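Here's a structure for you.
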Amino acid sequence: MKIPLVDLKANYLSIKEEIDDAIQSVIDDTAFIRGKYLEDFEKNFAEYLGVNYCVGTSSGTTALHLALVAAGINKNDTVLTVPNSFIATAECVSYVNGRLDFVDVKEDTGLIDIGLLEEKITKDTKALIVVHLYGQMPDMKRIKELTDEKDVILIEDAAQAHGSEWKNYKPGFYGDFACFSFFPAKNLGCYGDGGCIVTNDSVFEKKIRQLVDHGRTSKYKHDIIGFNYRLDALQAAILDVKLKHLDKWVDLRRKHAEFYNKNLKESIIRPVEAKNAKHAYYMYEIGVEKRDKLMSYLKKNGIGCSIHYPIPIHLQPAYKHLGYKKGSFSVAEKLAEKILSIPMYPELTQEQQQQVCDKINNFF
Ligand SMILES: *Cc1c(COP(=O)(O)O)cnc(C)c1O
C-alpha cells in the first residue's frame, strides 16, 4: 500500500459534490473576477480568524509582498525573518529592496528564538516576518511586546497556519498583518494558486484593497501604482466550501500527530507543542540521524516523505550576495540535516499511520 505525503485526491473525493456545485455556480454566473464569491469568502475567513479584514490575493507570496508595500518598507529598510522557511518568506523582502537579515531558531520547535530576536532587533529594524512553521505559532504575545517597543511592523507568515492558535488567538490577532497561502497542499488549499492578507487596521485594509487591484479608486482611475494580485472567484468559491471543514480537518491532523507521538520509536525526535500553542500540523516533522538513508528507505517502501526545508535561505544560491557562510545560523543548519516530514493529511487512516510507524521503527 502506497502512502503519499499528502493526498489531495482523497480530500477532494470527501467533498466532491459540494466542490463541483460551487465551481459550476461560478461558471453559471460568469462571475470570475471579484464579485460575491470573493466577498463571501473574505468575510467568512475574517470571521473564522476573528479579525476585521481579509483581502484575497493571487498567492501567499504576493500576500507577503503586499504586506511589505502597504507597511511602507523601502530600499535599505531592515526586515528580519528566520532562515528555515520557504523561500517566499525572503523573496518578498527582495521585491521591495529591503535589507534581509535573519534570526536563528529554537532547536525543539524550529520557531524563532525570541532571546536572539531581542538582541537583534534595533531601531533600524522596520519589520519582522514571523513564520508559523509546520502550523505552530511562537509566543506571539512576547513578540508583539518586542515589536511594539521598537516600533517594528509585525507580519505573520501564516502560510502553514490555518487552524493554528497562540493563547486561543489565531493568526492576525497579534500581527499588523497575517499572510496566508492557499497553495493546494496547505491546511486550507485551493485548486491552483491563492492567498490572502488579514489585518485589523482599516487604513492598511484600504491600502491593500487598492494595491491588489491595480491601484484603482474606480474602474479606470488609478491613484497609485498597484498590482494584479487578486484572488480568482473560482478559487474563493472552492475555499469557501473547504473552510467549513477546516476545523474538523485540523482536529484530525492533531489526532494523527498524537498517534505518531505514541507509536514512533523512542529515539525519534518528535514535534514539540508549546503549552499555549495549538499546533495545526500542516507538517509532522521528525528529527533523525541518518535522515537521507531513512528517506530512501521509506521511498523504496512506498511511503511519501520530504524535507521542509533542505537548504536554509541564507545558504541558497539566490542569496549568495548577502555573504552568509555555513555556521551563520547554526541551529537552522543543524535542523536542515535531520528533519523529515512524514505523511500527514486529514484522510490518513490509522492503518496507514501504523504502516508508516512500522517502516520507520524497522529502519532503526
Ligand atoms: C507556501 C508558503 C509560502 C508561499 O505561498 P505561495 O502561495 O506558494 O506563494 C510562503 N511562506 C511559507 C512559510 C509557505 O509555506
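We count ligands from 1, going down the list as the structure has it; atoms in each ligand are counted the same way. Bear in mind that the values here come from a model prediction, so they are computed numbers and not experimental data.
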Any side-chain heavy-atom pair of Met344 and Leu5 under 4.5 Å: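 Side chain of Met344 against side chain of Leu5, heavy atoms only: no contact under 4.5 Å found.
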
Do Gln160 and His308 have a side chain donor and acceptor closer than 3.5 Å?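 No, His308 and Gln160 have no side-chain donor paired with an acceptor closer than 3.5 Å.
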
Look at atom 7 (O) of ligand 1 and say which protein heavy atom is nearest, naming residue and atom and giving the distance to 0.1 Å.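 Ranked first by proximity to atom 7 (O) of ligand 1 is Ser181 OG, 2.6 Å.
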
Min heavy-atom dist Ser85 to ligand 1 below 4.0 Å: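 So Ser85 counts as touching ligand 1.
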
Examine the side chains of Asp157 and Thr89 and answer whether a donor and an acceptor come within less than 3.5 Å of each other.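 Yes, side-chain donor-acceptor contact under 3.5 Å.
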
Flag if over 12 foreign heavy atoms under 6.0 Å of CD, Glu118: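 Enclosed.
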
What do you reckon, does Thr89 put a non-hydrogen atom under 4.0 Å from ligand 1?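 True for this residue.
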
Distance-only, no hydrogens or angles: does the Asp77 side chain make a donor-acceptor pair with backbone N or O of Asn74 under 3.5 Å?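 Yes, the answer is positive, given that a donor and an acceptor are paired below the 3.5 Å cut-off.
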
Minimum distance, heavy atoms only, to atom 1 (C) of ligand 1: which one of Lys186, Glu91, His308, Gln160 is it?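 Minimum heavy-atom distance to atom 1 (C) of ligand 1 goes to Lys186.
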
Check ligand 1 against Tyr309 and write out every atom of the ligand that is under 4.0 Å from a heavy-atom position of the residue.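 The list of qualifying atoms is 15 (O).
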
Would you say Gly194 contacts ligand 1, with heavy atoms under 4.0 Å as the rule?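 A heavy atom of Gly194 does come that close to ligand 1.
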
Can you tell me if Thr57 uses its side chain to pair, donor with acceptor, with the backbone of Cys196 under 3.5 Å?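 Checking the backbone N and O of Cys196 against the side chain of Thr57, a donor-acceptor pair under 3.5 Å is found.
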
Under a 4.0 Å heavy-atom limit, does Ala88 contact ligand 1 with its side chain, its backbone, both, or neither?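 The answer is the side chain.
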
Looking at atom 11 (N) of ligand 1, what's its closest protein heavy atom, distance included?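 Answer for atom 11 (N) of ligand 1: Asp157 OD2, 2.8 Å.
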
Closest approach of Pro171 to Val198 (non-hydrogen atoms, all atoms of both residues):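 That closest heavy-atom pairing would be O-CG2, 4.4 Å.
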
If we only consider heavy atoms of Phe180, is any one of them less than 4.0 Å away from an atom in ligand 1?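 The answer is no: ligand 1 sits nowhere under 4.0 Å from a heavy atom of Phe180.
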
Run the numbers for me: atoms of ligand 1, each under 4.0 Å from some heavy atom of Ser59, listed by number.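 Contacts of ligand 1 toward Ser59, numbered from 1: 7 (O), 9 (O).
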
Enter the distance from Met295:CE to Cys305:SG here, rounded to the nearest 0.5 Å.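 Atom-to-atom, Met295:CE and Cys305:SG are 5.5 Å apart.
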
Tell me: protein heavy atom nearest atom 9 (O) of ligand 1, and distance?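 Ranked first by proximity to atom 9 (O) of ligand 1 is Thr61 OG1, 2.5 Å.
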
Can you name the atoms of ligand 1, numbered from 1 with element, that are less than 4.0 Å from a heavy atom of Ala159?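 Atoms satisfying the 4.0 Å criterion: 2 (C), 3 (C), 10 (C), 11 (N), 12 (C), 14 (C), 15 (O).
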
